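Note sheet for the following structure.
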Protein chains: 2
Amino acid sequence: MSEPLHFVVKTKLVDVLERLGEGAALPPERVLAKEFGVSRWTMRQAIRELIADGRLRARQGQGTFVATPKLVQPLALVSYTEALRAQGHTPGREVVAFEEVIADVELAEQLKVAEGDPVHRLERVLFADGQPIGLETTHLSVARFPTLREVLEPTGSLYRCLTGRLGVRFGEGEELVETVIATPREAELLKATQSLPMLLLHRTSRDTDGRPIEAVRSLYRGDRVGFRATLRP
Amino acid sequence: MSEPLHFVVKTKLVDVLERLGEGAALPPERVLAKEFGVSRWTMRQAIRELIADGRLRARQGQGTFVATPKLVQPLALVSYTEALRAQGHTPGREVVAFEEVIADVELAEQLKVAEGDPVHRLERVLFADGQPIGLETTHLSVARFPTLREVLEPTGSLYRCLTGRLGVRFGEGEELVETVIATPREAELLKATQSLPMLLLHRTSRDTDGRPIEAVRSLYRGDRVGFRATLRP
DNA sequence: AAGTGGTCTAGACCACTCC
DNA sequence: GAGTGGTCTAGACCACTTG
């Protein structure tokens, strides 16, 4: 019949949160629960939703804080570095893995190679202003880009390397966007608590001849990032 | 043993779920919890994440079922009806509200009207194959479209009505995508349980002269829908 | 050592659907 | 009425951060 208690609490909490400024610390969960006359579970449910909405950030051992607004990333075939700089933020990258693996059925299909063929696998955490905001896994055919490991500065722009040194010309591409829940491993790499909604982007880029260049799987923190697409009629 | 228990349970549950077919009923939560030797809370956490991932669907009073794959919607300025039909699904619409309201600061800015000016507010639930998948709220200037209420078939395509009868030519547009948690009202209209991650799309469409046509806020069920964008270099 | 958020348990009651 | 998922409580222990 009526609204769930945790939603009523959430609504009241928004008022508290707006009176405090950005970055301000919230009282501890146990204190808030007592003040609002609810159990800690109910209070955590409300806080959990506000975190997913990007209004709060929790740091274990420290406290819960009023969050800054979400970043907005362009949904386009441009350099991550340039896109972030254009918005006045400082980009960063950290290589988690750069290895050769064997293409499975799905990957072979996407890159138009044979199952079992070697492919580069580059996994990097993307930072904005020192905060991890995304986890990007890129697969490229070794046969097509045999010199990639020597040519690519691992923390540099892959896009720049491909278009610059390797003479690749990007054509049309398709990107898929959906929400998923991060695995514990992904959450840890993104310094996020698990069971937080993420934005998952799938992309298979092609060159101007329609040949696949890369298969990319990017996982962005849903509480920190949004996307902008430019539509043409 | 650093992985949380609910994630271990989630992983095991995926196996169960894959052995059963699409649409099959899962055993009740209480039974599953006992079988896996965990509390109901832990089991529900695992199930909750699988629902968010689009792998399961829960229906109160009935049970939990293996879900069908997500729909993929184009992220473009095309008719919702046509986009769904092209994928072999049956589109549907239900009007929740069609009224005149007063523009607040934000809306006035988006539609380039004065604060306090009258605007149409059209709120509709979008269906695919009889299932509610989205909640679309559109605002248009009354001054610019004074005859809209007489001309528009409320369950018909607004896009078709604007481009057809009213002679509007759509130009470039921008769309913003982010994840949010639905309010209880929104969740109810979408027949979803609350605290489920949703995909929120904001769009302000402009005509070929750059004048604003409509301000749209579309909330899609993140467990049922994904989006596709076509990228140009 | 103290205090924070994160996970988990056992149990209760409510809301809904079907018989 | 019986059985389902949805909400909520009280309390416990763990993991992490800071003094």
Side-chain angles (χ1 to χ4, degrees), chain A residues 1-13 24-52 55-67 181-185 187-188 190-196 223, chain B residues 1-13 24-52 55-67 181-185 187-188 190-196 223:
Chain A
M1 149 97 185
S2 67
E3 282 174 344
L5 187 52
H6 65 79
F7 184 77
V8 177
V9 170
K10 181 182 176 182
T11 308
K12 288 182 187 167
L13 214 47
L26 229 61
E29 291 173 349
R30 292 164 177 84
V31 174
L32 283 171
K34 193 163 237 177
E35 275 181 11
F36 282 81
V38 299
S39 72
R40 196 178 154 209
W41 185 92
T42 304
M43 182 52 68
R44 276 182 65 76
Q45 178 70 15
I47 290 174
R48 172 206 201 94
E49 294 191 10
L50 285 168
I51 290 173
R55 306 288 305 260
L56 289 177
R57 300 191 65 178
R59 284 196 283 261
Q60 183 164 160
Q62 293 180 267
T64 308
F65 305 85
V66 182
I181 305 292
T183 63
R185 175 181 175 273
E188 193 183 346
L190 292 174
K191 292 197 174 32
T193 69
Q194 6 172 160
S195 75
L196 206 67
D223 60 335
Chain B
M1 208 53 182
S2 67
E3 274 180 350
L5 186 52
H6 66 78
F7 184 76
V8 177
V9 170
K10 180 182 177 182
T11 307
K12 289 182 187 168
L13 213 47
L26 228 62
E29 292 173 348
R30 293 165 177 82
V31 173
L32 283 172
K34 195 164 233 176
E35 275 180 13
F36 282 79
V38 299
S39 72
R40 197 180 153 208
W41 185 92
T42 305
M43 181 53 67
R44 276 182 66 76
Q45 178 71 16
I47 290 174
R48 172 206 201 93
E49 294 191 9
L50 285 169
I51 290 173
R55 307 288 305 259
L56 290 176
R57 298 191 66 177
R59 283 197 283 264
Q60 182 163 166
Q62 295 184 349
T64 308
F65 305 86
V66 182
I181 304 293
T183 64
R185 176 181 176 272
E188 193 183 347
L190 293 174
K191 292 195 174 35
T193 68
Q194 6 172 160
S195 75
L196 205 68
D223 60 336

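So you know, we letter chains A, B, ... as the sequences are listed, proteins then strands, and number each from 1. Being a predicted model, the structure only gives us computed values, none of them experimental.
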Nearest-neighbour nucleotide for the Ala58(B) side chain, dA15(D), dG5(D), dT9(C) considered: dG5(D)
Nearest heavy atom decides the nucleotide; on that basis, is Ser195(B) or Pro28(B) closer to the 5' end of DNA chain D? Pro28(B)
Any side-chain heavy-atom pair of Arg185(B) and Glu188(B) under 4.5 Å: no
Arg59(A) has an atom CZ; how far is it from atom P of dG3(C), in whole Å? 20 Å
Result for 5'-nearest mapping on DNA chain C, choosing between Gly61(B) and Val31(A), is Val31(A)
Sub-4.5 Å side-chain heavy-atom contact between Arg48(B) and Ser195(A): no
Quickly work out the Glu29(A) CD to dC14(D) P distance and round it to whole Å. 18 Å
Expressed in angstrom and rounded to an integer, what is the separation of Lys34(A) atom NZ from dC8(D) atom C1'? 18 Å
Minimum heavy-atom distance between Ala182(B) and Ala187(B), given as atom pair plus value: CB-N, 4.1 Å
Can you sort out which residues in residues 38-46 of chain A have a heavy atom within less than 4.0 Å of DNA chain D? Ascending by number, please. Val38(A), Ser39(A), Arg40(A), Trp41(A), Thr42(A)
How long is the gap from CD1 on Ile51(A) to CD1 on Ile181(B), to the nearest 0.5 Å? 10.5 Å
Spacing of Phe65(A) atom CZ relative to dT18(D) atom C1', expressed in whole Å: 11 Å
Any non-hydrogen side-chain atom of Phe36(A) less than 4.5 Å from a side-chain atom of Leu13(A)? yes
How close or far is atom P of dG5(D) from atom CD1 of Ile47(B), stated in whole angstroms? 7 Å
Does OP1 or OP2 of dG5(D) have a side-chain N or O of Gln62(B) closer than 4.0 Å? no
Could you give the distance from NZ (Lys12(B)) to CG (Leu32(B)), rounded to the nearest 0.5 Å? 12.0 Å
Rounded off to whole Å, could you give me the CD-to-P distance for the Gln60(A) and dG5(C) pair? 10 Å
If I take atom CG in residue Leu32(A) and atom P in nucleotide dT4(C), what distance separates them, rounded to the nearest angstrom? 11 Å
When rounded to whole Å, the NZ to C1' distance for the pair Lys191(B) and dT17(C) reads 15 Å
How far apart are the closest heavy atoms of Val38(B) and Leu5(B), and which atoms are they? CG1-CD2, 3.7 Å
For DNA chain D, whose closest nucleotide is more 5', that of Thr193(B) or that of Arg30(A)? Thr193(B)
